[in-house]
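Here is the structure we will look at, set down as structure tokens.
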Amino acid sequence: MQDSFFVTASWVVPVRPGGVLHDAGICVRAGRIARVAGDGLPLPGEASLPRLHLDGHVLLPGLVNAHGHAAMTLFRGMADDIPLEQWLRDRIWPAEARFVDAAFTTDGTQLAMAEMLHSGTTCFSDMYFFPEAAAAAAAACGMRAQIAFPVARFVTRWARDEAECIHKGLALRDAFRDQPRLRFAFGPHAPYTVTRPTLERIATLSGELAMPVHIHLHETAGEVADGIAEYGCRPLEMLRRGGLVNEDLQAVHMTQASDADVATLAAGGAAVVHCPVSNVRTAAGYCPLGRLRAQGVRVGIGTDGAAANNSLDLFRETGAALLLARRDAGSADLLPAAEAIELATLGGARVLGIDAEIGSLEPGKWADMIAVDLAHPAHWPVHDPVSQLVHTAAGSRVRHAWVAGVHLLDGGRLTTLDEPALLARAAQWRTRMAAS
Ligand SMILES: [Zn+2]
């Protein structure tokens with residue numbers, strides 16, 4: 001596929017350095033950004049490259065969805081408006097026990113990737129059963145992904161116990177070691193679903209193999225209270241004592257974050273994934289974005305699974321993060337639009353440890369980019385394209401997406417996914433679930 005070209009747009013938002021370039025361009029060679037052309041003009045040596053001009057579009061780095069469960073798109077809207085613990089215990093876990101297999105994960109992940117590409121995400125972190133199916137789907141589609149293979153102490157359709165989860169997960173990492181767009185992480189589900197000896201084993205293996213640890217943490221007040229009752233301290237402190245709070249830790253949710261918790265995360269160099277819509281929708285709480293960022297904690301944004309959101313549109317999620325941060329702080333100047341877009345791009349890349357490779361439009365990085373068409377009544381006129389990206393429904397106007405220079409969304413058409421077929425398969429899953 002073509003991965004060398006010269007693209008120009010009405011606006012380019014490189015994220016780093018900040019600011020907006022008008023009528024500018026990007027030269028891509030062999031999948032990487034070779035040059036940012038501030039004047040939009042090719043150099044003599046670039047004149048022979050294929051050209052694409054996107055009038056009325058803004059070009060920016062692809063968004064990084066730092067937490068989700070892609071295959072759960074097949075449960076979208078199945079069980080809304082229920083408290084989190086009841087939702088998991090009574091609806092989601094029984095449905096997973098009944099329906100989830102490799103085919104489910106393949107079909108659900110493809111549906112999720114279609115939605116994510118259509119709404120501007122080019123890289124996602126995933127945590128779900130049958131991660132080998134998710135990894136294969138991502139590799140075939142061409143998206144960039146972190147596959148956090150699940151580890152849980154209960155029997156699932158995928159593994160009998162924690163030891164088998166780790167064994168299968170590490171074998172998966174070996175099987176895909178030649179796939180440059182995929183990375184693998186340990187995905188212990190949560191402190192309350194993984195035993196402490198296994199958490200400590202994961203800490204050891206993570207250090208030895210330089211693999212991240214992606215875990216739901218302090219999602220609800222009940223989880224923290226139960227943790228204190230069970231091990232005499234807050235779950236984050238239990239993880240710290242087990243050697244897990246370090247630069248490899250990706251703590252998802254953290255709606256219950258005391259000042260001491262924030263200090264612990266900052267001291268360890270751990271990262272946090274903020275999932276504002278999921279947290280508010282399940283009434284779990286709110287991650288203190290301002291306090292975390294003030295202490296220098298790396299923060300990215302995630303949608304969580306579509307069963308708890310119900311959208312995988314990271315533009316929508318980023319807008320929600322901004323609104324909730326301002327409500328939380330009572331301040332209208334907190335998290336300006338440019339900082340919000342940085343969270344959704346470079347911020348997510350920092351959480352996943354790949355900010356040297358993606359997250360901004362800088363020479364040498366992979367050409368993971370998107371183009372949003374703002375020539376529409378809902379977005380026009382454009383005084384400030386960055387403001388439009390955050391404060392209008394930009395996710396519905398994404399027309400192009402590239403990963404490593406490969407054109408995965410071309411004028412609104414997916415190039416590596418068969419959209420009618422994946423919609424048909426998703427409808428079949430819905431019929432099966434409705435009949436059960
Ligand atoms: Zn989650």
Side-chain angles (χ1 to χ4, degrees), residues 64-80 82-89 91-93 95-96 100 104-105 108-109 111-113 115-116 121 123-131 134 145-152 154 156 158 165 169 185-194 212-224 235-236 239 249-257 270-287 299-314 316-317 320-321 348 351-352:
V64 178
N65 187 347
H67 176 69
H69 314 278
M72 294 185 85
T73 46
L74 295 176
F75 293 138
R76 186 194 335 254
M78 184 190 74
D80 293 344
I82 303 172
L84 179 64
E85 286 86 357
Q86 186 187 348
W87 174 79
L88 280 171
R89 190 184 60 239
R91 302 300 303 273
I92 294 301
W93 288 341
E96 286 179 331
V100 174
F104 181 99
T105 295
T109 303
L111 180 64
M113 291 190 298
E115 180 184 2
M116 287 193 277
T121 291
C123 175
F124 66 104
S125 180
D126 194 50
M127 178 206 275
Y128 206 59
F129 306 112
F130 300 92
Q146 171 184 274
I147 306 294
F149 54 84
V151 181
F154 43 78
T156 69
W158 184 59
C165 288
F186 291 95
H189 172 263
Y192 58 91
T193 48
V194 183
V213 177
H214 189 85
I215 184 170
H216 295 108
L217 190 62
H218 290 206
E219 182 172 6
T220 64
E223 173 199 333
V224 175
L236 175 67
L239 294 188
L249 181 67
Q250 301 166 6
V252 180
H253 295 311
M254 288 306 299
T255 72
Q256 311 297 313
V272 167
V273 184
H274 179 33
C275 304
V277 172
S278 168
N279 294 150
V280 172
R281 234 206 65 174
T282 61
Y286 172 72
C287 171
V299 181
I301 299 179
T303 58
D304 211 346
N309 186 310
N310 300 350
S311 168
L312 305 185
D313 179 345
L314 206 75
R316 171 182 180 261
E317 199 76 30
V351 168
L352 302 187

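Atoms within a ligand are numbered from 1 in the order they appear, just like the ligands themselves. Note that this is a predicted model, so its numbers are computed, not measured.
A ring-centre distance under 6.0 Å is found for Y286 and H274. For H218 and H216, the ring centers are positioned 6.0 Å apart or more.
Taking the side chain as every heavy atom from C-beta outward, H253 and L217 never approach each other to under 4.5 Å.
Counting only protein atoms, the N, O or S atoms lying less than 2.8 Å from the Zn ion (ligand 1) are H67 NE2, H69 NE2, H216 NE2, D304 OD1, ordered by chain and residue number.
In this structure, a donor-acceptor pair under 3.5 Å is present between the side chains of Y128 and E96.
The aromatic rings of F130 and W158 lie perpendicular to each other, with more than 60° between the two planes, well past the 30° mark.
Judged purely by atom type and a 3.5 angstrom limit, R76 has no side-chain atom pairing as donor or acceptor with the backbone of A306.
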